[in-house]
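Written below as structure tokens is the structure these notes are about.
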Amino acid sequence: MKNHEIAYILYEIANMLEIKGENFFKIRAYRNAAHEIENLAIDIQKLVNQNALKEIDGVGEAISGKIYEILEKGTCRYYEELKAEVPRGLVDMLKIPGLGAKRIKVIYDNLKIASIEELEKAANSKQLQTLPGIGVKTEQSIIRGIQMIKGRAGRYLLSTALSIAQDMVTRLSSLPSVEKAQIAGSLRRKKEMVGDIDLLVVSNSHQQVTESFLKFPEIREVIAKGSTKTSVILELGIQVDLRVVKPESFSAALLHFTGSKEHNTKLRSLALRKGLRLNEYGIINLDDGEIIYPQSEKEIYKELGMPYIIPEIREDTGEVEAAMKDSLPNSVNLKDIKGDLHVHSNWSDGVSSIEEIALYAKKLGYEYIAITDHSKSLKIARGLDEEKLKRQLELIYELNKKIDGIKILSGIEVDILSNNLLDFNDDILEQLDVVVASIHTGFKQERDKITGRIIRACENPNVDIIAHPTGRLLGRRAPYDVDMELVLQACAQTNTILEINSSPDRLDINDKLARKAKALGLKMSINTDAHVAERLNDIKYGVWVARRGWLEKDDVINTLPFECLLKELNSK
DNA sequence: GCCGTTTTCGGCCCGACTGTTTTCAGTCG
């Protein structure tokens, strides 16, 4: 039983208790415990073996008992009893935006509606508006909510949301009544997919700002409009929340709207213990009622007794505790990156010539760049055969003599074939500076088979890096069925580097795996997999993944200067 | 249900907006 499976059961218990109308704090206790377990760095079974379950924050007598039971039997009695009592459909209904546990219960108690389908029918036939506390508008909002989850709209690539948000920030900033406009929310935390765009605006005249904002042509629908907060849906379907605050509240508001909710909650309970109330306007001293308007987020953290925490790790996965012990990671930065080790040229399916790529990399301030075109079996990408690769090596040799200020490394993205073998023999691979190995075929194979293919590749002494290890495409293709725990172990044993692929629709490995890999002492390489020179700029997405994964400069090999990098690559 | 550098009992983050209400509950982030 894995951590996330236990967390799931605890979340489900919380959901069912909520529908039953149980004590709010009891519900929260289950959610807290689930969140902690979900983000545990180690296998929960290990804690059980050490009899240390209760050392997990939020796990006490009752919940630890249930965890023991779940580990032993796969489930627990309390969970089964709740499932028998609360229809599954009611829990599903919690996913409908605008509809919560209280109203779900009213609907169920009065009309015995226990599925989203029945709910939609009842709403369309105007039955819901007859119930206490539900009127025409709520009924309409339930219909909209159901349509929204059916359309699966709601998650957007970071890159997509970021460009929309940046454009809006530019236009908001140019309004005369606006002092400052900034991106907040999960977008500022650089989550790989975001559900909405949070924008924070500093102004003394919120009404003017709101009026101008609502005239933006891409707005399809206004969901909420108050004196400080406006929510809209754009034509693209993405929701934008605009919050307007006065200048003195900017820093408190930025912290509040950057979140995450869990991070904020933890900070506020901490504040309370110090006799302070933290909200989006400032810090209030509960003794004398005096309000402090902090000048920066850093000042707020300082007030709470800890150093600044970067937005990327504000997820309540241990960052507050680490900050209080002054053991936060010294997070890797974009400027630490000295080269890119996975790039395609026009020799295979890329667009730019090797020279163009090298010059572009030089312009970015890189020390080195690796050319890693596809290997021969990947026909669709015009993969290189031995002969063509040999000619490419000669060209790279010539270009290195011709171009100053950047080193071009020879390389290949060698296919891990369906039959376990690599697409080139070792006598070819050992001639190259960088060998990146990856899977492009046989995605549907069974777990053991795919995992075995990757582990076999790790065991090859010529393979330096495993590229896009899980093969996922965000929002389009699930990862292939691979046991990443075993892959991480294999990398650790064979001194193989894992890639953090920076392509915005890959981000593979993700932040959580990166953090696990670091815990095992693995090295990672942040690469773009660019197919045109300009896309070398995508490296920032990979750096954000690394930062979210608590990585430091030393965890990332392409922060090394050229000579050290070569030594590292040759050390396997 | 959990927790304690005031506490083993009595707290538990905070505020905005909407809709259905005659003063507030539900939902959200």
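Numbers restart at 1 for each chain; the letters A, B, ... are given by sequence-line order, proteins then strands. Computed over heavy atoms, backbone and side chain alike; hydrogens, waters and symmetry mates excluded. No experiment lies behind these values; they were computed from the predicted model shown.
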Next on the checklist: Does A:E12 form a salt bridge (charged side-chain N to carboxylate O under 4.0 Å, His left out) with A:R88? I'd like the steps, not just the answer.
Outcome noted: CA-CA 10 Å; A:E12 286 292 286; A:R88 173 73 237 172; 2.8 Å; yes
Could you tell me whether [X] and [Y] make a salt bridge, using a distance below 4.0 angstrom between a side-chain N and a carboxylate O?
X: A:R31; Y: A:E18; value: yes
X: A:R314; Y: A:E262; value: no
X: A:R476; Y: A:D505; value: yes

Atom-pair distance ([atom1] on [X]; [atom2] on [N]), nearest Å:
X: A:K246; N: B:dG15; atom1: NZ; atom2: P; result: 17 Å
X: A:L276; N: B:dT6; atom1: CG; atom2: P; result: 14 Å
X: A:E36; N: B:dC2; atom1: CD; atom2: P; result: 13 Å
X: A:R273; N: B:dT6; atom1: CZ; atom2: P; result: 11 Å
X: A:E262; N: B:dC28; atom1: CD; atom2: C1'; result: 13 Å
X: A:R144; N: B:dT27; atom1: CZ; atom2: P; result: 15 Å
X: A:K266; N: B:dG29; atom1: NZ; atom2: P; result: 21 Å
X: A:F257; N: B:dG15; atom1: CZ; atom2: P; result: 12 Å

Checklist entry - Paired with B:dT8 by Watson-Crick or G-U wobble geometry, both distances under 3.5 Å: which nucleotide is it? => result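 Because no pair has both required distances under 3.5 Å, B:dT8 counts as unpaired.
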Checklist entry - Which sits closer to the 5' end of DNA chain B, A:Y78 or A:N279, going by the nucleotide each is nearest to? => result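 The residue whose closest nucleotide sits nearer the 5' end is A:Y78.
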Item to check | Most 5' of A:I63 and A:I104 on DNA chain B, judged by nearest nucleotide | outcome: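 Comparing both residues, the 5'-ward one is A:I63.
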Do any side-chain atoms of residues 102-111 of chain A form donor-acceptor pairs under 3.5 angstrom with protein atoms, and if so which ones, sequence neighbours left out?
from, atom 1, to, atom 2, distance (Å)
A:K105, NZ, A:D109, OD2, 3.0
A:N110, ND2, A:V106, O, 2.7

Atom [atom1], compared across [N] and [M]: separation rounded to whole Å:
N: B:dC17; M: B:dG10; atom1: C1'; result: 31 Å
N: B:dC2; M: B:dT8; atom1: C1'; result: 12 Å
N: B:dC14; M: B:dT20; atom1: P; result: 29 Å
N: B:dT7; M: B:dG11; atom1: P; result: 14 Å
N: B:dG1; M: B:dT5; atom1: P; result: 23 Å

Checklist entry - So what does A:I96 hit on the nucleic acid, given a heavy-atom distance under 4.0 Å: a base, only sugar-phosphate, or nothing? => result sugar-phosphate
Checklist entry - Across the strands shown, which category fits A:L272 at heavy-atom distances under 4.0 angstrom: base, sugar-phosphate, nothing? => result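 Sugar-phosphate only.
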Checklist entry - Counting side-chain heavy atoms from CB outward, which of B:dC2, B:dG1, B:dG29 is closest to A:E61? => result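 In terms of side-chain proximity for A:E61, the closest of B:dC2, B:dG1, B:dG29 is B:dC2.
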Next on the checklist: Within the 3.5 Å criterion, strictly below it, is a donor on A:N510 or A:R548 matched to an acceptor on the partner's side chain?
Outcome noted: no
Next on the checklist: Please tell me if A:R28 has a side-chain N or O lying less than 4.0 Å from either OP1 or OP2 of B:dC12.
Outcome noted: no
Next on the checklist: Using the ring pair (Phe, Tyr, Trp, His ring centres under 6.0 Å) criterion, which residues pair with A:W550? Sequence neighbours excluded.
Outcome noted: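 Applying ring pair (Phe, Tyr, Trp, His ring centres under 6.0 Å) to A:W550 gives none.
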Next on the checklist: Output one letter per nucleotide in nucleotides 16-26 of chain B: B when a protein non-hydrogen atom lies under 4.0 Å from the base, S when only the sugar-phosphate is that close, - when neither is.
Outcome noted: SSSSSS----S
Item to check | Assigned glycosidic conformation for B:dT7 [threshold 90° from 0] | outcome: syn
Item to check | Stacked cation flag A:K66 on A:Y79, 6.0 angstrom / 45 deg | outcome: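 No, A:K66 does not lie over the aromatic ring of A:Y79.
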